[in-house]
Amino acid sequence: MAARFGRWYGWTRMLAVAGLLAASAPLSAQFYYFGRNKVQWTDFEWHVLKTEHFEIYYYPEMENLARRGAAFAEEAYHELEQRFNQNVLQPIPLIFYSSHLHFEQTNTAPGFIPEGVGGFFEFLKGRVVIPSDGSTAQFRRVIRHELVHVFMHSKIARVIIDHRQPQDRTPPLWFSEGLAEYWSSDWDTQAEMVMRDAVVNNYVVPLTDMDRIFGTFLMYKEGQNICQYIARRYGDEALLLLMDNFWKSGSFSEVMHQTIGKTYEEFDKDWLYALKKQYYPELRTDDLPGNVTENVVDEGFNAKPTVYAHDGVREVLFIGNHRGYTSIYRANPDTVDPESQLVVEGEQTSDLESFHPFQSKIAVSRDGILAFVTKSDETDVLHLFDLKSGSMRETLRFRNLVVIGSPSWSPDGRRIVFSSIDKSGNNDLYIYDLGDRSLVRVTNDLYDDRDPAWSPDGKWIAFSSDRTAWDRGKAYNLFLFSLDRGTIDYLTAGEENDLAPAWSPDGTMLAFTSDRVGAQNVWVLRMKDGCGVGPAKRVTNYLTAAFDPAWGGKDDIIFTAFERFSFQIKRFEDISLRYDTSRVTMMAEIPRDGRPWTVTPLEGPQIVSNYRYAKDYSIDIAQSQISTDPVFGTTGGAALAMSDVLGNDQYYFLVYNTAQTQSEILDNFNVAITKVSLGSRTNFAYGIFRLAGERYDLTDPDLYYYERSFGGYFVLSYPLSQFKRIESGITVSNSEKDDFIGFSPRRAILVSNTLSFVWDNSLWGPTGPLDGNRMKMELAYTSDVHSSNVSYYTVIADYRTYVRLANRSALAFRSNLWYNEGKEARRFFMGGSWDLRGWDRWSIRGKKQWITSLELRFPLVDQFALRFPFGGLSLGSFRGAVYTDFGGSWDDEYRDTKGSVGLGIRYNLFGVVVLRYDIGKRIEDNLNRFQKGLFYQFFFGWDF
Amino acid sequence: MHIGTIARTGAPVILVLVAAACSSLQIDRAITPSPDDWEMLGGSPARRNETAVDVPIPLVTGWIYDPNAGVSAQMLQRDSVLFVATLKGELHAVSVPDGKKIGVVSLGAPVVGTPTLSDDRIVVPLSRETESVLLLDLRTGHREWSADVGPVETAPLVRGNRVYVTTLLGTAVCLDIADGAELWKFRTRPGKDRRSIRSSPAADSVRMYFGCDDGWLYAVDLRSGQLAWKQNVGSAVFGPPLLCGSTVVVGGLSGTVSAVRADSGIIRWRMDLGARLYNAPATDGLRIVVGAADGRLVAIDPARGSVEWTFASSDGVSCTPLIADSTVIFGTLDKTLHVLSLRSGRELWSWKGEGRMRVSPLAGRGRLYVCGDDRTVTLLTGSALQ
């Protein structure tokens with residue numbers, strides 16, 4: 001065997017390669033060092049509904065919803081087929097979830113799914129994954145939106161293939177999403193709100209700069225508006241031609257030029273001008289909320305205010321996010337420049353895992369009990385928080401109720417009404433009695449019932465619902481539920497969205513929001529004995545939007561305003577005067593045939609088959625590679641990954657060869673096969689491997705050898721919550737090291753057991769964590785059961801905490817211990833930009849090591865732009881660091897402590913990698929002196 | 001390479017095409033032109049997409065040819081040679097008896113519109129800014145000339161010694177077939193407001209007719225290039241109009257079929273089919289047959305503008321129908337070829353291909369050639385002819 005450097009691969013690292021294949025696919029945190037956990041709380045019993053064009057995956061509790069979705073999907077398919085002049089030849093997998101909480105558990109996509117994601121189309125297997133949120137119209141719209149992506153993908157692929165061009169090109173995201181929005185729904189109030197705000201506040205991003213808002217909601221709406229503009233100006237067929245002409249250039253700007261005769265720059269000029277002409281005149285009659293209201297809160301984002309008056313003082317409580325964690329805050333609206341104070345901090349523990357800031361209101365009873373909803377483990381829970389004592393009184397979880405929304409107290413504080421989505425996907429109203437602990441279902445149908453509000457006299461519950469006969473499920477009107485009679489009657493009626501009813505303290509007025517005449521504003525309806533008196537009248541005229549009015553007292557309202565692309569809490573007064581003088585009115589147009597709409601689910605011959613899901617695998621990645629290097633030689637290999645359609649079971653195959661001569665080929669085959677299972681709460685992986693090749697052992701200097709090993713492993717990860725998990729693993733391998741200079745030949749059967757505990761609730765900034773904590777404790781034992789050549793135990797303790805000093809600044813601390821003790825105990829290594837800065841990378845080795853670091857992290861330069869005659873270059877934000885590191889490393893006898901102090905600059909490159917540059921001084925000689933001069937280190941990697 | 005003599009009256013012609021680039025083809029056989037040949041889009045300047053050839057169903061698969069790229073141009077046939085122009089910018093010559101490649105010419109840009117055979121030459125439109133119309137001499141194999149008229153994605157029209165093309169720049173251009181010199185240019189609109197023309201021109205002896213993305217149907221004098229008339233048809237027009245007697249019939253993208261008088265542009269009748277029309281209609285003179293994106297094939301009485309029959313197919317109609325004697329043949333997006341009775345609309349036969357049929361099938365001498373978007377050209381033949 002020629003003595004030469006080979007790549008460094010311990011046998012455990014080889015497993016990491018195989019594991020890396022697993023890790024590169026949807027594993028989120030399960031097999032990473034830290035990270036949160038995507039927990040499979042629910043055991044879904046998947047079934048498949050096969051229709052003419054779809055394979056629909058659902059679970060039995062939501063079968064009716066699935067059949068309705070199937071009907072929507074087939075309807076959308078026929079329409080889109082004609083729009084695109086294209087069909088999709090293979091059955092389209094549609095995976096439905098009956099709520100967003102269930103959807104967040106999906107393994108079809110890696111990582112966590114934020115609340116704002118309403119569904120997605122995944123390219124690898126062509127899957128469409130969609131949750132329901134209780135609204136039929138929204139469900140239909142999202143299905144249609146995602147199918148636009150499916151058709152676009154098929155169309156573009158066909159165009160590219162026909163022209164024999166490389167298939168790795170896709171249209172820009174603003175066009176994909178913009179077209180999906182435009183062809184799936186009408187231009188609605190929400191879209192209008194965003195564009196009005198953007199135009200009037202001068203932050204519309206032109207096409208030439210669209211990368212700046214890549215993936216944001218603003219990009220979606222601008223994209224939709226652009227597609228609408230193109231269709232109106234150049235014909236709807238222009239949108240189709242943009243796809244048909246996709247082959248004409250690698251630049252979509254050029255494709256646009258060849259299709260409609262305008263490049264991005266030329267188009268921007270026309271489009272932006274048209275927007276100004278459209279929206280600027282509206283300022284003649286409508287106002288921006290910030291100019292005509294009083295501020296209650298103006299930092300971060302804030303929503304869902306409610307008012308608690310006690311002891312002559314008023315407090316506004318609301319959901320806000322000021323520092324990265326969504327929480328509940330309070331502010332006094334009657335002070336000048338009110339300051340927010342934290343009441344309940346969320347998103348760091350499993351009981352307050354996440355709020356639903358745009359879905360669920362909060363409510364305070366007369367005796368100061370705050371009712372609010374968070375996700376906690378598998379479902380939402382309803383918390384009752386005593387504002388006087390500042391402690392949580394009770395947390396309520398209801399069997400079979402998955403999502404909970406908008407609690408409202410009865411006047412006597414003994415009952416709470418709220419909306420809830422059960423496993424069927426229907427959003428209905430429920431009343432919980434705190435006295436006898438009974439739960440009564442008020443509505444039970446497919447209509448989306450939201451925002452319940454209990455009247456001050458206790459007799460009525462006003463709520464918003466799409467059960468109106470107007471507009472087939474797209475409109476929301478207000479209804480009144482009589483607790484005496486058990487009946488539901490129209491309160492408002494018309495082709496609009498009437499939402500968030502709120503009773504005045506004396507019950508004589510009902511405030512709500514409506515988009516009846518354009519932008520969503522606050523309206524008031526006078527009430528008497530459960531009936532509206534006279535017309536409802538608009539009492540605000542904001543250009544953008546108002547949400548969730550809450551009565552501050554008799555004559556003022558606290559609400560959420562949308563402006564400058566943020567949500568803030570505002571206040572306005574003189575309700576009675578506004579009502580009396582308003583000329584914008586609305587009478588309820590109760591239809592003669594007041595029967596609400598229904599949806600016919602797909603039935604009978606439209607269903608091709610319906611069966612229980614059996615694992616359906618397909619290939620995700622198949623890749624081969626050959627590389628050659630004058631030092632490390634030549635390697636060739638292939639990797640294959642496959643998974644089932646739900647992403648729950650994954651297989652990875654890795655094979656490569658490092659032979660340098662023909663005679664070595666058989667001996668140098670490396671194979672690893674891994675199965676990863678994510679379908680239940682306990683995630684596990686197991687596999688077998690056979691590895692052989694030259695190894696350079698980084699844990700010892702100048703040691704290289706040839707090793708042959710084969711064996712198997714099993715690892716599991718059990719999440720205790722989103723933040724904590726237990727991991728365990730066992731590896732058995734037969735290892736033979738060949739005779740090399742400096743190394744005795746060794747054969748061993750190694751058994752390695754590990755057990756670890758991981759906790760991570762950190763909040764990340766652009767280059768690393770800024771808040772929260774991370775911790776890992778690991779115990780391991782490795783032994784040679786054949787010849788007793790190896791026997792050592794391992795202890796790893798890693799603790800990191802981040803103390804937020806300001807919004808973007810933090811003090812970060814870590815303390816790590818790595819401890820190996822025993823026969824052939826391996827060495828750890830450190831040094832370099834990732835740990836002991838200033839010292840050569842991986843130059844410090846020992847069987848025991850410790851490190852402690854303290855680092856101040858702060859923003860440095862927010863935008864850096866260079867301008868040249870031929871163009872320019874803009875770089876995003878640079879962050880700074882001031883730090884000190886201390887550490888030591890030894891085998892049997894402690895040697896010395898090393899340290900460093902320094903300054904650093906960090907830059908996040910496209911969200912993929914962080915570039916790091918450090919300068920400073922080493923502290924040498926057992927911390928007795930600073931080095932002469934400075935060290936300079938450039939590397940990559942996230943902050944610890 | 002064999003170089004033969006030109007025969008204009010039915011004597012054998014030996015065709016040679018030499019590539020402008022590295023590829024070449026050599027046709028080493030006698031070619032006898034016949035009335036059954038299909039030499040241009042729609043079979044004639046009137047773009048009727050009609051042939052007297054009888055297609056004897058049921059058909060069986062003969063050979064399959066791979067043109068190595070997608071095809072959007074209609075195939076052409078002269079005697080035993082089939083010409084296929086691809087989106088990769090190649091012109092293939094295929095031997096009809098055995099489906100073997102005779103040769104291929106690389107043209108340098110995608111061929112979206114259908115070329116036109118004219119005597120011993122072929123006029124090829126290319127989708128690029130410069131050299132967008134080529135004339136290749138079939139005798140010598142040389143490129144005789146090229147013209148810079150802007151991107152052309154429609155079929156050229158050859159009348160006498162003139163070539164007429166419509167362009168994506170919104171112009172119609174007349175070229176001298178001898179040297180490609182521009183004889184006149186018609187602009188649909190002045191300045192930057194011009195919209196592209198994706199509708200191939202049809203012509204009678206006096207005027208050429210074409211639709212435009214701006215929703216108008218234009219009639220332009222063949223000699224002078226002056227506008228004769230224009231008529232608003234309501235939406236962009238992607239397919240060529242056809243001439244049915246003295247009536248011009250065109251389908252607009254929004255689903256409206258318009259029939260106008262060829263001499264004046266006055267509307268005779270209009271019919272809204274309620275579904276998008278991406279392809280052209282066909283006619284045998286007695287009825288207009290139109291395929292819609294919702295899968296309906298509709299036969300319309302050209303005189304009264306009334307529906308004679310409707311056939312609801314399994315999926316969207318994906319190509320211009322071909323009228324072959326007493327049948328009408330068309331493809332749908334679900335890769336099915338349908339053969340209907342032209343008189344009654346009753347389905348007589350169907351065939352499932354491997355790819356969607358975006359190009360109108362071609363019938364010749366009892367054979368049917370079908371182009372699929374899975375990059376195949378399939379010969380279907382009556383079992384008796386096999």
Side-chain angles (χ1 to χ4, degrees), chain A residues 52-53 74-91 151 154-167 183 230-249 254-263 266-267 269-270, chain B residues 67-72 86-90 109-112 127-129 150-151 153 168-170 191-196 198 212-215 235-238 252-255 274-279 292-295 314-319 332-335 354-356 358 373-375:
Chain A
E52 187 182 353
H53 299 106
E74 288 292 342
E75 171 191 69
Y77 183 97
H78 287 293
E79 192 198 304
L80 292 174
E81 185 183 44
Q82 295 183 49
R83 271 191 190 263
F84 279 90
N85 193 22
Q86 175 84 357
N87 61 351
V88 180
L89 295 172
Q90 303 301 325
F151 274 84
S154 171
K155 177 96 183 169
I156 297 280
R158 186 75 255 160
V159 167
I160 294 292
I161 288 170
D162 280 349
H163 286 86
R164 300 298 307 274
Q165 291 187 354
Q167 294 176 48
W183 276 359
I230 290 174
R232 285 185 183 162
R233 175 100 187 247
Y234 302 100
D236 209 51
E237 72 277 1
L239 297 169
L240 184 66
L241 288 168
L242 282 169
M243 292 180 275
D244 281 331
N245 290 339
F246 189 68
W247 62 272
K248 292 192 175 182
S249 174
E254 183 53 31
V255 171
M256 244 174 107
H257 181 236
Q258 297 210 31
T259 305
I260 63 171
K262 304 269 183 188
T263 60
E266 291 162 343
F267 179 85
K269 203 171 147 201
D270 292 347
Chain B
N68 204 32
V71 175
S72 78
T86 75
L87 293 173
K88 196 187 166 195
E90 293 176 343
V111 183
V112 179
S127 181
R128 65 181 177 194
E129 293 289 335
E153 294 189 356
L168 293 186
L169 300 181
K192 286 187 177 178
D193 286 339
R194 275 202 301 275
R195 305 282 296 277
S196 295
R198 295 169 218 280
C212 180
D213 279 6
D214 63 8
S235 61
V237 178
F238 280 8
L253 193 62
S254 66
R276 292 188 175 209
L277 303 176
Y278 288 105
N279 303 290
D294 64 356
S314 44
D315 213 334
V317 176
S318 53
C319 66
T332 50
L333 284 175
D334 61 353
K335 304 185 280 189
E354 294 297 324
R356 305 177 188 92
R358 299 273 192 192
D373 74 355
D374 59 333
R375 303 211 308 240

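As the structure is a computational prediction, the values presented were derived from the model and not from experiment. Labels below follow one simple rule: chain letters A, B, ... track the order of the sequence lines, proteins then strands, and each chain is numbered from 1.
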Answer with side chain, backbone, both or neither: which region of [X] has an atom nearer than 4.5 Å to a non-hydrogen atom of chain A?
X	value
B:L169	neither
B:S127	both
B:L253	side chain
B:R375	side chain
B:N68	both

*Where do B:S314 and B:D334 land on the side-chain hydrogen bond (donor to acceptor under 3.5 Å, both in side chains) test, with the steps shown first?*
CA-CA 7 Å; B:S314 44; B:D334 61 353; 2.6 Å; yes
_Top contributor to chain A interface from B:R198, B:R128, B:R194 [non-hydrogen pairs under 4.5 Å]_ =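 Option with the greatest count: B:R198.
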Under 4.5 Å heavy-atom distance to chain B, tell me which part of [X] shows up: side chain, backbone, both or neither.
X	result
A:K262	neither
A:R158	side chain
A:E79	neither

*Determine the minimum heavy-atom distance between A:N87 and A:E81, stating which atoms define it.*
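Smallest heavy-atom distance, with atoms named: CB-OE2, 3.2 Å.
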*Looking only at heavy atoms, which two atoms of A:N245 and A:Q258 are closest? And how far apart?*
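Residues A:N245 and A:Q258, closest heavy atoms: ND2-O, 4.4 Å.
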*In plain terms, say whether B:K335 and B:D374 are close enough for a salt bridge, that is, a side-chain N and a carboxylate O under 4.0 Å apart.*
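The answer is no: the pair does not qualify as a salt bridge.
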*For B:R358 and B:V71, what are the C-alpha separation, side-chain angles and deciding distance, and is it a side-chain contact (heavy atoms from CB on, under 4.5 Å)?*
CA-CA 8 Å; B:R358 299 273 192 192; B:V71 175; over 6 Å; no
*asked:* Are the side chains of B:F238 and A:L241 in contact, using a 4.5 Å heavy-atom criterion?
replied: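 In short, these two side chains touch, coming nearer than 4.5 Å.
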_Gap between atom CG of A:N85 and atom CG of B:L277 - 0.5 Å precision_ =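 It comes to 11.0 Å.
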